[in-house]
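Step one of this worksheet: look at the structure below.
In the text below, chain A, chain B and the rest are named by the order of the sequence lines, each starting its count at 1. Worth saying up front: this structure is predicted, and the values here are computed from it rather than measured.
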Number of protein chains: 2
Amino acid sequence: MPKRLTIKDIARLSGTGKSTVSRVLNQQGDVHPETRKRIEAVIEQYQFIPSRPARSMRVKESRVIGIIVARLDSAAENQAVSAMLPLLYQHGYDVLILESRFSTDKVVEHLKVLTQREVDGAILFSFTELTAAMIAGWESHIVLMVHPCEGFSSVCYDDAGAVQMLADHLFQQGHRRISYLGVNESDKTTGEDRYRAYLAACERLSLPPLASLGTLEYHSGYTLAGEVCRDGTSAVICATDSLALGIYKYLGEHPEHKITVAAIGNTPLLGFLFPAVITLEFGYANAGELAARQLLAHLTHTAPARTYLLTGQLNTDIAG
Amino acid sequence: MPKRLTIKDIARLSGTGKSTVSRVLNQQGDVHPETRKRIEAVIEQYQFIPSRPARSMRVKESRVIGIIVARLDSAAENQAVSAMLPLLYQHGYDVLILESRFSTDKVVEHLKVLTQREVDGAILFSFTELTAAMIAGWESHIVLMVHPCEGFSSVCYDDAGAVQMLADHLFQQGHRRISYLGVNESDKTTGEDRYRAYLAACERLSLPPLASLGTLEYHSGYTLAGEVCRDGTSAVICATDSLALGIYKYLGEHPEHKITVAAIGNTPLLGFLFPAVITLEFGYANAGELAARQLLAHLTHTAPARTYLLTGQLNTDIAG
DNA sequence: CTGTTAGCGCCTTCAA
DNA sequence: TTGAAGGCGCTAACAG
């Protein structure tokens with residue numbers, strides 16, 4: 001056990017005082033270039049790393065940020081988190097990951113824990129039921145994902161634009177019976193917003209709407225598939241890639257239907273199993289990076305709250 | 001800003017000294033029941049939480065543990081991690097999650113970071129290339145997942161037993177041509193161990209082996225499917241659930257084959273899309289919990305290194 | 001430009 | 001059983 005060195009040690013080793021060492025460590029104040037070199041050499045030689053707890057205690061900032069995901073096993077959230085981590089670590093922050101499972105209770109509980117842990121900031125994957133009141137007090141050091149909220153920074157997806165893009169694309173391909181398989185409107189973005197956009201698209205393109213709304217799971221897609229694959233439907237837009245998987249299962253059992261499937265999402269599996277699918281994906285990684293940067297901005301110079309709206313990208317690899 | 005209280009404050013508030021408060025906080029030493037009650041009341045009333053940095057500094061233990069996963073988006077790893085988190089948090093540990101992407105370089109780098117952060121322990125999702133040398137020094141406070149290592153605690157899966165179980169099951173169902181779709185032997189557990197077990201099973205059951213080895217991705221399963229779906233093969237064992245997805249894609253395009261698919265893994269998607277699949281799953285959540293408990297054991301009372309070998313469970317919902 | 005000093009909040013002797 | 005005192009490693013005045 002080499003017993004970690006302290007700044008006092010390296011002060012002695014480089015023949016200076018603690019404060020000078022501290023100054024070069026935090027690159028603040030003026031230090032004579034030569035003394036600096038000398039100190040840096042010693043630091044390098046002994047691989048000295050200042051103690052975080054000691055620094056935290058003194059400075060009253062933990063250098064920790066919390067991330068509350070809805071589900072640890074969500075592909076989209078995972079991609080976003082993967083993009084955040086390197087950035088945050090790189091800026092010297094530790095990251096605590098918590099899971100809400102879409103429970104507002106869990107969120108407020110986690111937020112309380114994060115407060116107790118004195119974290120410097122947080123990134124929260126939000127959802128419909130979450131109200132501004134639940135995150136009150138965090139405005140200056142939190143960024144929301146997916147769901148915006150007045151007065152808070154957030155990075156969200158352009159749900160309406162996505163459905164619109166999908167509908168237009170299918171229309172251009174000649175489809176005149178485009179139905180929609182979605183999610184219950186109680187979910188604001190994935191449910192209501194996307195459904196509304198579908199209805200609007202039908203209106204705009206003068207198409208007869210045919211839709212069915214269920215839950216997020218692929219089971220729901222399978223169950224509801226029959227309701228949208230009829231009346232001469234030639235294409236269906238799915239609010240979610242898992243829903244599309246459900247439909248494909250249905251189509252596999254009902255080969256008489258010749259239907260084009262389009263979906264929002266980016267499970268690579270979907271495109272692999274069913275190459276004909278048309279997919280629109282938001283850049284989740286990109287979103288994560290944006291969120292992390294915005295949070296960092298909040299933490300360094302008090303930046304104003306800002307909302308990013310990410311637009312999707314069409315993905316029609318195989319289908320002509 | 002209510003400005004956090006310190007133990008000094010609550011000492012004053014409860015009319016005692018700092019040390020007494022500290023004693024009840026750490027439930028150590030003898031404290032008069034009455035004084036204790038009084039202090040606890042104040043603590044409760046003000047929702048007092050002692051400062052972690054201050055405690056860490058004094059006690060020289062960070063109460064942080066690191067988890068290095070191979071891939072953030074691995075379903076199996078996610079399940080395991082989900083099980084660890086609550087346990088660890090519950091015991092007062094913060095958790096840092098890092099991603100290795102199967103790179104030994106990343107692992108040693110992360111391990112170094114964890115050392116610098118003075119974490120108390122770590123859980124590492126290991127893989128073939130990882131050698132004992134790379135994790136030297138961690139023996140007393142690390143637990144490995146998936147791959148065992150001499151002198152270190154680990155929780156692993158009984159790969160050989162799993163393949164054996166699958167083979168026996170298929171044999172009992174009357175299959176006499178059972179082929180194998182696996183992973184390159186350069187991967188010790190998923191590759192070599194499972195393949196060897198398949199060969200052994202063939203030997204034992206006097207069946208002619210027919211196997212093909214590729215990579216972990218489902219693309220590989222699709223590509224190699226043709227090589228194992230012939231010579232009268234009636235069933236194929238897949239080393240991995242993703243491989244099974246590849247086979248199913250192939251089978252979908254070659255309906256002339258009537259083949260039973262069995263696989264190790266538990267992607268719920270697989271069973272949903274192809275209910276006839278026979279699946280053997282290790283309890284990943286269970287594994288995670290075990291690992292967390294073992295690490296906690298190491299951290300509290302220096303427990304001896306120990307290896308857990310988890311056996312799988314057959315899953316044949318639909319298939320008769 | 002640099003060293004000295006004084007705590008940050010907590011735990012741990014050491015007396016009382 | 002309890003309080004006072006000391007110091008963990010670091011930063012931020014404050015003198016030089």
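The base of D:dT2 is not paired with the side chain of B:Thr35 by any donor and acceptor separated by under 3.5 Å. For a distance-only test at 3.5 Å, the side chain of A:Ser22 fails to qualify as a donor-acceptor partner of the base of D:dA12. With hydrogens and angles ignored, a donor-acceptor pair under 3.5 angstrom links the side chain of A:Arg23 to the base of C:dG3. No hydrogens or angles were tested; on distance alone, nothing pairs the side chain of B:Thr20 with the base of D:dG3 as donor and acceptor under 3.5 Å.
As a whole-Å value, the separation of B:Asn26 CG from C:dG9 P is 17 Å. For the pair B:Arg4 CZ and C:dC10 C1', the interatomic distance rounds to 13 Å; values are reported in whole Å. What separates CZ of A:Arg58 from C1' of D:dC10 is a distance of 7 Å, to the nearest Å. Going from atom CZ of B:Arg36 over to atom P of D:dT1 covers 10 Å, rounded to whole Å. Nucleotide C:dC1 holds its C1' atom 11 Å from the CD1 atom of A:Ile39, rounded to whole Å. Look at CD on B:Glu61: it is 11 Å from P on C:dC11, rounded to the nearest Å. To the nearest angstrom, P of C:dG9 lies 14 Å from CD1 of B:Ile10. In this structure, B:Ile7 places its CD1 atom 15 Å from P of D:dT2, rounding to the nearest Å.
Side chains of A:Asn26 and A:Arg55: a donor on one and an acceptor on the other come within 3.5 Å. In the model, B:Ser56 has no side-chain atom that pairs as donor or acceptor with a side-chain atom of B:Ser62 under 3.5 Å. In the model, B:Ser153 has a side-chain atom that pairs as donor or acceptor with a side-chain atom of B:His298 under 3.5 Å. Between the side chains of A:Ser100 and A:His110, no donor-acceptor pair of N or O atoms lies under 3.5 Å.
Among the heavy atoms of the strands lying under 4.0 Å from A:Thr16 are primed sugar atoms or P, OP1, OP2 only; no base atom is included. As judged by a 4.0 angstrom heavy-atom cut-off over every strand, B:Ser19 is placed among the base-contacting residues.
The aromatic rings of B:Tyr157 and B:Tyr284 stand perpendicular to each other, their planes meeting at an angle above 60°, with 30° marking the opposite boundary.
Regarding contacts with the backbone of C:dC11, a side-chain N or O of B:Arg55 is found under 4.0 angstrom from either OP1 or OP2. The side chain of B:Gln28 contributes an N or O atom lying less than 4.0 Å from OP1 or OP2 of C:dT12. OP1 and OP2 of C:dC11 both lie 4.0 Å or more from every side-chain N or O belonging to B:Lys60.
Looking at which nucleotide of DNA chain C each of A:Lys18 and A:Asp30 is closest to, the 5′-most match is held by A:Asp30. Nearer to the 5' terminus of DNA chain D, by closest-nucleotide assignment, is the contact made by B:His32 (compared with the other of B:Ala54 and B:His32).
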